[in-house]
Protein chains: 2
Amino acid sequence: MSKVLIVGAGSVGSVVTQKCAQVPQVFSDIVLASRTESKCKAIAAQIDQPIHTAQVDADNVSDLISLLRREKPKLVINVALPYQDLSIMDACLAAGAHYLDTANYEPPDTARFEYRWQWDYQKRFVDAGLTALLGSGFDPGATNIFTAYLNKHYFDEIHELDIIDVNGGDHGYPFATNFNPEINIREVSAACRHWENGAFVTTPPLSKMTLYTCPEGIGTFTLFRMYHEELESLTKHYPSLQRAQFWMSFSANYLKHLEVLENVGLTGIEPINYRGQSIVPIQFLAHLLPDPSTLGPRTRGKTCIGCIVRGSKGGKERLMHIYNVCDHQACYREVQSQAIAYTTGVPAMIGAKMILEGTWCEAGVWNVEQYNPDPFMEDMNRYGLPWQLAELDPAFQLEFA
Amino acid sequence: MSKVLIVGAGSVGSVVTQKCAQVPQVFSDIVLASRTESKCKAIAAQIDQPIHTAQVDADNVSDLISLLRREKPKLVINVALPYQDLSIMDACLAAGAHYLDTANYEPPDTARFEYRWQWDYQKRFVDAGLTALLGSGFDPGATNIFTAYLNKHYFDEIHELDIIDVNGGDHGYPFATNFNPEINIREVSAACRHWENGAFVTTPPLSKMTLYTCPEGIGTFTLFRMYHEELESLTKHYPSLQRAQFWMSFSANYLKHLEVLENVGLTGIEPINYRGQSIVPIQFLAHLLPDPSTLGPRTRGKTCIGCIVRGSKGGKERLMHIYNVCDHQACYREVQSQAIAYTTGVPAMIGAKMILEGTWCEAGVWNVEQYNPDPFMEDMNRYGLPWQLAELDPAFQLEFA
């Protein structure tokens, strides 16, 4: 019986709020806060249980502290923007609340995300006797836990990790992004980094591709290798990994739009002077694109996100695949959001449940793979993200095109 | 020996100024005015003869009248924006100056250009004893005169007109437009209209294409049918025309960029509210794209613009092709601008010369094809736009893809 404060009323904030409301024995009291309180109220209106709402500027630490001191939540679930992770962590320390997020801190002015800034809070959280759980979405989040689960139960040692994120959904727009366009495009247009023989190797954005056929008849997709933040924590926590790569599916149409928008300078993150006004091109672009929260009713098809892990067990090579399949329309029927927001929001609720139930609650700053994956994996099956496990022929390789 | 005022210091304004300066026996005194006088001074600095410069807001009639009363030019050459045609015509009437432009009036808030607004000035120019010469660029302009010339010398009656505008130049940028991006994109994304059996027929933008091989080894290009303003005046002045079409070459890469920019709403001409600021998306896009005036030194290749006219002579069907080929780098060497600005600016100078020499100077509002084409055609050969004439096999047809 605990009070939780959810910061961020976008698509993921909506899913987290609804999923928390489904587990009242843990989340007895829910406050949803955002810069725009009307968005919180709109979400609250969709839910039978009472949800309290509040206005807060998540960039402003003293504003956050006032809210936390007034509401006294046991835990803050941060599903605001990655730029705001540190201000929310600061406020949790000042006000004595646990902390959870789904994406690591990213400075607003450089397209570079890394855990360093948040890992640096380790001593402060230990000293305060508080838990900060980082990256408890799907990827990062479920993919880290999948890796930990396979490592624990199926391998003596893991050597190769391929995280595969396929979105087979179609929203019917010529171009739209499934989450905050600014964050999405910054991520996709960044240089690729993958782990190889003990170090990160940098290659040009989207320069390596492979054709991949999903299980369960979902289809064949073009995957592109890119950097994703869980590679940083997983290669640190599993030093036996010789190679770790992240792959995401993109359609030719998506890439065509991205190429053109880059060519004309619309993905730029540096402000430009336009008739005396300072405008960040990618933010102006984001303003023009469909709001991701409106994609839910339009999106059909499935996601398939998981990990292919190669390693050894009893002296023999072994290859395992673990994944979740999520149907956009089924998600929409349940929580009025498509699968991208659903697969991020449900693990945030489960991570919060792990902390509040005392299952994962050591003081300090933790990535999800540092805890026992088993109770989290059980809850994934229970709360809408059932996973499948398959042993593959070790001869299988992703083919480079 | 006359004074001329040139309004507009873009690429075309630069070419017109330089070409007028090459004919001092007609243009004895040249004033170049623009919203940004420093652009005028930069052009003036490239020219040996003295060019006077001035600051003027071409949207502001009283500002224009003050300038005209101060400078007392015999003729105003308008190479500013099409939105400004009417304010400049008003000022010419008030101050007693002849008027010439290269593109017809277009209201800022609708992507629709037509001559109606300017033709309505007919009585006022007649009463004032002043000449307004409309559309004295290349297309409109030279293409109208080509049609008039063929009609006069090679046909009893003309029946079909295909105006073909090929730009075989390459500027090396992923995407840039050869003249004002806003005007260019508005024109290309507008619905197509062509003349067929006594009426204009509307079809979707760029929905009809043909492969066309230029003369003189310039190459084979994909042409798209689109509306262009000379179709309005030519079908009015040559009522024997049963069909009239305008074709422009676009590369697959140009069209890809245009499609994406339209898809994301960046070609919109309606202002949107962005963080409390009113921004017209296509103007923001224009701000991001390379300035057309910087393309000159980079552009290589040739333009080939002309008319294919079908009609009858002595009871027999006849097909004639008349065209100009212009080399981007040769233009740049002569006037530091590429061929798109050159082919527009030179006919503006020649039209101005026709008025000031008294060759074309009847009071009223005129399209160029309403005057005798012969002296203009002679001056095209003399001042840098030599034309070629070829009789084609009447069996030739543009193939619809």
Side-chain angles (χ1 to χ4, degrees), chain A residues 35-36 57 59 81 108 170-178 180-182 184-185 188-189 204-205 250-292 294-295 298, chain B residues 35-36 57 59 81 108 170-178 180-182 184-185 188-189 204-205 250-292 294-295 298:
Chain A
R35 189 186 302 270
T36 314
D57 173 3
D59 291 315
L81 294 175
D170 181 8
H171 47 59
Y173 281 116
F175 186 69
T177 58
N178 284 300
N180 184 305
E182 186 180 347
N184 183 230
I185 292 174
V188 174
S189 15
F250 296 106
S251 68
N253 184 57
Y254 179 93
L255 294 173
K256 177 176 81 175
H257 280 70
L258 193 67
E259 178 202 344
V260 166
L261 296 170
E262 283 183 334
N263 279 345
V264 301
L266 267 158
T267 58
I269 64 175
E270 294 289 330
I272 61 166
N273 184 301
Y274 175 68
R275 301 186 177 184
Q277 304 166 353
S278 174
I279 292 181
V280 177
I282 199 170
Q283 292 176 355
F284 183 75
L285 172 62
H287 180 87
L288 291 176
L289 295 179
D291 183 340
T294 65
L295 300 181
R298 311 171 49 102
Chain B
R35 190 185 303 271
T36 313
D57 173 2
D59 290 315
L81 294 175
D170 181 7
H171 47 57
Y173 281 116
F175 185 70
T177 59
N178 284 301
N180 184 304
E182 184 180 350
N184 183 231
I185 292 173
V188 174
S189 23
F250 296 108
S251 69
N253 183 57
Y254 179 93
L255 294 172
K256 176 175 84 174
H257 281 71
L258 192 67
E259 178 202 344
V260 166
L261 296 170
E262 282 183 336
N263 280 344
V264 302
L266 267 158
T267 59
I269 64 173
E270 294 289 330
I272 61 166
N273 184 299
Y274 175 69
R275 302 188 177 180
Q277 305 167 352
S278 175
I279 291 180
V280 176
I282 198 171
Q283 291 176 356
F284 184 74
L285 172 62
H287 181 87
L288 291 175
L289 295 179
D291 183 337
T294 64
L295 300 181
R298 309 170 51 102

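Convention: sequence-line order gives letters A, B, ...; per-chain numbering from 1. Basis for what follows: all heavy atoms, side chains included, without hydrogens, waters or symmetry-related copies.
- A distance of 4.0 Å separates CD1 of Ile272(A) from CZ of Phe284(B), quoted to the nearest 0.5 Å.
- Ring geometry for His287(A) against Tyr274(B) counts as perpendicular: the plane angle is over 60°, on a 0 to 90° scale with 30° as the lower cut.
- Only the side chain of Phe175(B) comes within contact range of chain A, with heavy atoms under 4.5 Å apart.
- Summarising the geometry, atom NE2 belonging to His257(A) is positioned 11.0 Å from atom NZ belonging to Lys256(B); distances are rounded to the nearest 0.5 Å.
- Using a 4.5 Å cut-off between heavy atoms, Tyr173(B) makes no contact with chain A at all.
- For the pair Arg275(B)/Gln283(A), a side-chain contact is recorded, criterion being any heavy-atom separation below 4.5 Å from C-beta on.
- Side chains of Ile279(B) and Ile279(A) form a contact here, defined as non-hydrogen atoms less than 4.5 Å apart.
- The residue among Leu285(A), Leu289(A), Leu266(A) with the most heavy atom pairs within less than 4.5 Å of chain B is Leu266(A).
- The distance from atom CG of Leu288(A) to atom CG of Asn263(B), rounded to the nearest 0.5 Å, is 12.0 Å.
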